[in-house]
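Just so we're clear, the structure is a prediction, and the values are computed from it rather than from any experiment.
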Amino acid sequence: MCDLVHNVELKNVQPGEVFHYSLILLKVELVNPCGNGELRIVSKNNQTVSFSFAVEQDTGNVEGKQAVYRKLRILLRLSSGENVYEVQYCNVRSSISLVYRVPHTRFTVVPLYIICKGHSGRYQSHEYDSRNDSDEACRKITLAIELLQCLYAEKLHEHGFGRKTFTLESSCQPFHSQLDWEQSTTMTEGDLWHQFATELVQSNRYDMDRVKVVGFLSSTHFDGISDGDYSYENIRKKTTGHAALGGGGLALFGSGCLYTWPSVLQTVCSAFTSQQPVDCGKLLDDSNYRRTYGGCFATTLGSVCHEMGHTFDLGHTPDGSIMGDGFDAIDNVFVGRPPRVGCHGGNLPKRIIDTKPGGLAGRLTQLKRPGEVLRQRLEAKHNDGVFFAATSARTLSYHRWFNQHESKRGSIQFDHCTKTVTCSNDSTIVLAELRTTANGMMQKCWTFQKGEQSQFTLPKLPNLKDLTLFVMDADGNILKVDLSSISAAQM
């Protein structure tokens, strides 16, 4: 019989809270864990529920007595309707009721596994993997996008916007491209993006005015490192069929690290924390130099999160945010920040990504990290160090893909002579940004309360050349204007 006084407390959700996505994150604080304690979650009919969890341990004082706090992060899947669960640990029971309401919206996200003509559909994996077919790939991709649903919701919640997130229209499905597999191996990621974006539009399979597609190319191939050069640049030279580009209605990715992704919920946290080394002689290492399975999973899922942000009209931000260079540490959202050895849980190497001028390829950018003081402030405010910048969170909160209600269709007009933006249909401006046209980097930003003003005039600035104006109104209507068309006399 255990003599310790335990306490189990849910920190981030309220009883009866309603979710519009099924895979949720619970933050649990356990006081005085014991050696034999086992965490279980059971449903109201006493059936054990599948979940994944990670532990981070800390110490502190409770009523003047030394105690051990064990902080848990639990990933749990809800069924439609009310879900009554009991969290059990040793001799303690804690009940919680949570509600999942299936969302009803026209604006959805569809994950696809793209198979080129002549390709088997099997993604590159280790030699002992016999399950690397399209079915397994689709299971992994569906789970990954569900994790990102949860992440977007949690990060918007931290900004005070509630747990808004995008809606999945379906689980991942194969998409058979007309592009010849051998031809695809000679194409750049920009060319691949345009190829598949065109095919999606011409196929009429989806209404691309209301669907964002997240596509993964099955035929990504890595030749292996044999010359001892493990730099990111050399890895990319030896990889074909790779992409990490997002914009418009398509975010496109390679499948080179899919071998590190989990396919079932129970193994998510162990996949993030896996220290299994990558055999760089045979398998792609896209881990920001961590060279572990967990590092690959975190970096590549973070890349998906970042590029999906571009499809939701987010620009780059000059900080350590998700839309800056902070997506490598996305695993911290799901497993916390335990005092792990090495860079996997702490300070990651600086990300260096080749920047191409202009176009979609220019969206992959080398960004500077903030100073140490700013970093500490951010980490104090955001407990896992992963966040959307305020301007990104505000954009998402008004975006059509993040709202259940049907917003009014309208337009935003721009007068090139007066440099004034005007809303139609009695809407009001909530955000205006100036972004560098070549790479989408946010330079200046103005925010307004809903209902505050229907017009906005750009202030006098020394130079608007090479800048794009991005404006959003309270109904989710968006205006983008390339300001290079304004003459010097008008500036």
Side-chain angles (χ1 to χ4, degrees), residues 108-148 168-208 211-224 235-236 238-264 282-284 286 296-297 300-301 303-304 307-308 311 360-361:
T108 60
V109 170
V110 173
L112 295 178
Y113 187 57
I114 301 172
I115 304 173
C116 288
K117 186 187 299 183
H119 191 261
S120 66
R122 290 188 173 273
Y123 58 90
Q124 190 173 14
S125 186
H126 54 81
E127 58 187 331
Y128 304 109
D129 188 358
S130 61
R131 301 182 61 188
N132 60 331
D133 57 14
S134 60
D135 289 342
E136 181 73 353
C138 285
R139 282 188 286 269
K140 289 172 178 264
I141 292 166
T142 299
L143 179 58
I145 305 304
E146 289 177 326
L147 288 172
L148 294 183
L168 273 175
E169 181 166 309
S170 65
S171 59
C172 181
Q173 304 293 326
F175 179 85
H176 293 276
S177 170
Q178 294 304 306
L179 177 65
D180 184 77
W181 165 36
E182 292 187 359
Q183 182 181 350
S184 73
T185 64
T186 66
M187 297 170 67
T188 67
E189 56 186 352
D191 290 338
L192 289 169
W193 187 96
H194 285 288
Q195 168 70 33
F196 298 128
T198 301
E199 283 195 44
L200 285 165
V201 170
Q202 294 177 346
S203 71
N204 294 320
R205 180 169 169 177
Y206 301 104
D207 178 0
M208 299 302 290
V211 169
K212 304 288 188 185
V213 171
V214 188
F216 295 80
L217 184 58
S218 72
S219 51
T220 305
H221 183 78
F222 175 62
D223 285 338
I235 288 172
R236 285 296 300 270
K238 295 179 179 295
T239 308
T240 57
H242 175 78
L245 290 177
L250 172 64
L252 180 66
F253 306 92
S255 59
C257 285
L258 210 57
Y259 69 94
T260 68
W261 288 23
S263 59
V264 293
K282 298 178 180 178
L283 296 172
L284 178 63
D286 189 0
C296 286
F297 179 31
T300 51
L301 184 65
S303 177
V304 176
E307 297 302 331
M308 284 184 69
T311 71
L360 283 163

Within a strict 4.5 Å, meaning less than it, do heavy atoms of the [X] and [Y] side chains meet?
X    : Y    : result
V110 : S170 : yes
V211 : V109 : no
I145 : V214 : yes
Y206 : V201 : no
F196 : V213 : no
Y259 : C296 : yes
L252 : E189 : no
T220 : L258 : no

>> Going by salt bridge (charged side-chain N to carboxylate O under 4.0 Å, His left out), name the residues that satisfy it together with E136, two or more places apart in sequence or in a different chain.
In response: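 Counting only residues at least two positions away or on another chain, E136 forms a salt bridge (charged side-chain N to carboxylate O under 4.0 Å, His left out) with R131, R139.
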>> For R122, give me all partners under salt bridge (charged side-chain N to carboxylate O under 4.0 Å, His left out), at least two apart in sequence or on another chain.
In response: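 Salt bridge (charged side-chain N to carboxylate O under 4.0 Å, His left out) list for R122, sorted by chain: empty.
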> So, does K212 use its side chain to make a donor-acceptor pair with the main chain of T311 at under 3.5 Å?
Replying inline: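 Judged by distance alone, yes, a pair lies under 3.5 Å.
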Please report the closest heavy-atom contact between [X] and [Y], naming both atoms and the distance.
X    : Y    : result
Y123 : D133 : CE2-O, 3.8 Å
A197 : L250 : N-CD2, 3.7 Å
P262 : L143 : O-CD2, 3.7 Å
L192 : L217 : CD1-CD2, 4.1 Å
T260 : F297 : OG1-N, 3.5 Å
I141 : P111 : CG2-CB, 3.9 Å

[X] side, atom [atom1]; [Y] side, atom [atom2] - distance, nearest 0.5 Å:
X    : Y    : atom1 : atom2 : value
W181 : S219 : CH2   : OG    : 7.5 Å
Q124 : C257 : CD    : SG    : 9.5 Å
L200 : I114 : CG    : CD1   : 6.5 Å
L301 : K140 : CG    : NZ    : 12.5 Å
S134 : Q173 : OG    : CD    : 10.0 Å
D135 : C172 : CG    : SG    : 10.0 Å

>> Filter on side chain to side chain donor-acceptor pair (under 3.5 Å), then keep only pairs touching residues 111-121, sequence neighbours left out; what's left?
In response: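 Applying side chain to side chain donor-acceptor pair (under 3.5 Å) to every pair that reaches into residues 111-121, excluding sequence neighbours, yields H119-S218.
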> Yes or no on side chain to side chain contact (heavy atoms under 4.5 Å, CB included) for D286 and I235, after CA distance, side-chain angles and deciding distance?
Replying inline: CA-CA 8 Å; D286 189 0; I235 288 172; over 6 Å; no
> Can you tell me if S184 and E182 form a side-chain donor-acceptor pair at under 3.5 Å?
Replying inline: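 There is no such pair (donor and acceptor under 3.5 Å, judged by atom type) between the side chains of S184 and E182.
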> So, W193 versus F253, ring centres under 6.0 angstrom or not?
Replying inline: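 W193 vs F253: aromatic centres not under 6.0 Å.
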> Do any pairs count as a salt bridge (charged side-chain N to carboxylate O under 4.0 Å, His left out) and have a residue in residues 191-206, sequence neighbours left out, and if so which ones?
Replying inline: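 Listed by first then second residue: nothing to list.
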Donor-acceptor list for residues 241-249 side chains, cut-off 3.5 Å, not counting sequence neighbours:
none

>> Restricting to side-chain contact (heavy atoms from CB on, under 4.5 Å), what partner residues turn up for T240, sequence neighbours left out?
In response: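 Per chain and number, T240 pairs via side-chain contact (heavy atoms from CB on, under 4.5 Å) with T185, H221.
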